[in-house]
Amino acid sequence: MARRRAAYQKRKQNKFAMMLVTLVLLMLILAVNIRKSELKEKQAAYAEKQQELQEKIDKEEARAKEIEEYEKYTQTQKYIEDVAKEKLGLVYEDEIVFKTEGE
């Protein structure tokens with residue numbers, strides 16, 4: 001009889017241990033899934049930010065190219081002529097200038 005009782009208590013303890021192990025595993029799975037969803041949200045946010053930064057880089061590269069082209073233009077004779085006409089009002093000797101009444 002004592003043997004039966006000991007076997008019954010041992011079986012009861014095994015069931016309790018199995019329940020605890022199952023509970024711990026379920027909690028770990030839940031924690032991993034929660035963390036996984038948080039990381040996916042962060043990944044989406046970082047991908048969006050990366051896209052925005054890439055667009056800014058592209059705009060700045062285009063702007064740098066425009067500045068480079070303008071720099072080349074400012075070193076030409078045409079630029080000097082345009083500035084002289086626009087800012088200083090200078091004209092060539094054989095050039096005829098017509099002015100409207102408002103000027």
Does a side-chain N-to-carboxylate-O contact under 4.0 Å join Arg63 and Glu60?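 Answer for the salt bridge query: yes.
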
Is the shortest distance from a Lys or Arg side-chain nitrogen in Arg35 or Glu38 to a carboxylate oxygen in the other one below 4.0 Å?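 A salt bridge is present here (some side-chain N lies under 4.0 Å from a carboxylate O).
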
Residue pair [X] / [Y], side-chain heavy-atom distance below 4.5 Å:
X	Y	answer
Leu26	Leu30	no
Lys65	Glu61	no
Glu48	Glu52	yes
Met18	Lys15	no

Straight-line distance of [X] [atom1] to [Y] [atom2], nearest 0.5 Å:
X	Y	atom1	atom2	value
Asp82	Thr76	CG	OG1	8.0 Å
Lys56	Asp58	NZ	CG	12.5 Å
Glu69	Thr74	CD	OG1	12.0 Å

Can you list the other members of the hydrophobic cluster that holds Leu53, where links are side-chain heavy atoms under 4.5 angstrom apart?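 Traced through the cluster, Leu53 reaches no other member.
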
Pairs satisfying ring-ring contact (aromatic ring centres under 6.0 Å, His included), at least one member in residues 43-97, at least two apart: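 ring-ring contact (aromatic ring centres under 6.0 Å, His included) check on residues 43-97 returns Tyr73-Tyr79.
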
Assess the residue pair Lys36 and Lys40 against the criterion (side chain to side chain contact (heavy atoms under 4.5 Å, CB included)); give the C-alpha distance rounded to whole Å, side-chain angles, the decisive distance to 0.1 Å, and a yes or no. CA-CA 6 Å; Lys36 179 182 168 184; Lys40 279 190 176 185; 4.0 Å; yes

